Undergrad: 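The structure under discussion is supplied below as structure tokens; questions concerning it will follow.
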Number of protein chains: 2
Amino acid sequence: MAAASTTNARSAQRRGALRLPATRFDKRLGEILNHATDVFCRKGYEGASMRDLSRASGMSLAGLYYYFQSKERLLFLIQKHTFTTIVERLKARLEGMSNPEQRIRILILNHLEYFLSNQAAMKVLSHEDDALKNGFASEVAAIKREYYRICVGLLDELKHERGLQFSTRIAVLSLFGMMNWIYTWHNSRVDADADELARQMSEIFLRGVMNGGRARR
Amino acid sequence: MAAASTTNARSAQRRGALRLPATRFDKRLGEILNHATDVFCRKGYEGASMRDLSRASGMSLAGLYYYFQSKERLLFLIQKHTFTTIVERLKARLEGMSNPEQRIRILILNHLEYFLSNQAAMKVLSHEDDALKNGFASEVAAIKREYYRICVGLLDELKHERGLQFSTRIAVLSLFGMMNWIYTWHNSRVDADADELARQMSEIFLRGVMNGGRARR
DNA sequence: GACCCATTCGAACGTTCGTTCGAATTCAGT
DNA sequence: ACTGAATTCGAACGAACGTTCGAATGGGTC
């Protein structure tokens, strides 16, 4: 996780001089971010103290502040990196795929795969949605909006192709609800893996949204 | 909101001697719970301080502790009352109704109606799901389990009646995801009311779950 | 060995946290 | 008006909070 590279002046400087993309600084920051993600996931952002993070990452309290300016910025780095990654992966997977139904299945699979292999980070992203303030909040909100727009686009393609009629907004937000709620219940010892979950949720959602046309009344 | 009556010794004593179900104590406690619900909704449980609650309810910091023993118990009272109420209402509405599809529509309508007319309380219930510890946590978890079981029952009725095949667990949790996620996006100036939302989500969910039978593969 | 910059740390800063306590005030019944 | 119980409050408690600072290390280059 080299999330902070592009937004951290210290490592950006270094990157100009060195050819390796991941400096020592970035690596260490990445480790701290990973530990912090776990702690935020377990105790919540407000509930986790800097001393908790210090203990989890094995670095002194003061030492942490060498890597980031504040607790809030730490959460920001986690959320931005997580969200950026999931959007990037989605874009890459959608490339070259043109069937609208398939494209939605890919969105669902991509979301659930990333969710389950990065459960802690995704919980922090979902659950600490409005923990950031002002500038931090708006930058994350921008990525979220982009993700939302992509999903709206995919659904509109499907609507157009099949002449369906439903509220895209409700459909998109229902879909995200289905998927994001996972963090409250998924148990890897009981529940299916991402492939199977994606298949089942895709069936429910796509059959629900296709079929017929206008909802009754 | 007379949630605490049955669990508070002070008011239980009084209730033996008086004929009114809502004592002065209960009324005042209810007001405090309502204000606290707003504050927890806006700032989160951990993020809200007792001084915030004092300010919001117009009572001194020390005065609050006359009505409840701790901040954690306050959250517990809010969650328990909210959850109990929504389950009670559902049971009452289901009485006498036997058509499986209709019964599921009622569950969805009941959930969304209560959600939208008690947004703050429902956000606190959904979002501060694991903020409580030990005894408090398990008592709320018991109500949640009952609610979950009811929903599983309704879906199994539908499955049996129509010979459907799908994972009840995934279906139930997807449905709750769709519905509970509302607190992250619903805007009363833009979005439809509970009736209309319930209709749309019911269509998506029921069509998604019925139809055909087994999911492919 | 000396220098320099990057990294780490112990100790403390001022603030805010949840909670308590004893005194003051308000209320209901006479 | 008087009395005892119910209610409210100001002031304080020790603990924990996020953050800072200057000094102590570490590793690589002359």
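Worth knowing before you read on, the calculation uses all heavy atoms, side chains too, and leaves out hydrogens, waters and symmetry mates. On a predicted model such as this, the values are computed, not experimentally measured, just so you know.
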Undergrad: Can you confirm if the NZ or CZ of B:Lys71 lies within 45° of the ring axis of B:Tyr45 and under 6.0 Å from the centre of its six-membered ring?
TA: yes
Undergrad: Is the number of heavy atoms from other residues, nucleotides or ligands within 6.0 Å of NZ (B:Lys144) greater than 12?
TA: no
Undergrad: C:dT7 P sits how many Å from A:Lys27 NZ, rounded?
TA: 12 Å
Undergrad: Nearest heavy atom decides the nucleotide; on that basis, is A:Leu61 or B:Leu61 closer to the 5' end of DNA chain C?
TA: A:Leu61
Undergrad: What are the two closest non-hydrogen atoms of A:Phe40 and A:Ala48, and how far apart are they?
TA: CD2-CB, 3.7 Å
Undergrad: Which of these nucleotides, C:dC9, D:dG10, C:dT19, is closest to any side-chain atom of B:Ala62?
TA: D:dG10
Undergrad: Nearest whole Å is fine: how far is D:dC9 P from B:Arg55 CZ?
TA: 14 Å
Undergrad: Can you tell me the distance, in whole Å, between the CE atom of B:Met59 and the C1' atom of D:dA6?
TA: 12 Å
Undergrad: Starting at OH of B:Tyr67 and ending at C1' of D:dT7, how long is that distance when rounded to a whole Å?
TA: 6 Å
Undergrad: If you take all heavy atoms of A:Glu113 and A:Ala194, which pair is closest and at what distance?
TA: CA-CB, 3.7 Å
Undergrad: What's the CZ-C1' distance between A:Phe25 and C:dT8, to the nearest Å?
TA: 13 Å
Undergrad: Which sits closer to the 5' end of DNA chain D, A:Arg51 or A:Gly63, going by the nucleotide each is nearest to?
TA: A:Arg51
Undergrad: Is there a side-chain polar atom (N or O) of B:Tyr66 under 4.0 Å from OP1 or OP2 of D:dC9?
TA: no
Undergrad: Using a cut-off of less than 4.0 Å, is there contact between a side-chain N or O of B:Ser49 and OP1 or OP2 of C:dC17?
TA: yes
Undergrad: In this structure, how many angstroms lie between the P atom of D:dA16 and the CG atom of A:Leu53, rounded?
TA: 16 Å
Undergrad: Between A:Arg28 and C:dT8, is there a contact of a side-chain N or O with OP1 or OP2 at under 4.0 Å?
TA: yes
Undergrad: Does B:Tyr65 have a side-chain nitrogen or oxygen under 4.0 Å from the phosphate oxygens OP1 or OP2 of D:dT8?
TA: no
Undergrad: Between D:dT19, C:dG18, D:dT8, spot the one nearest the side chain of B:Met50, thanks.
TA: C:dG18
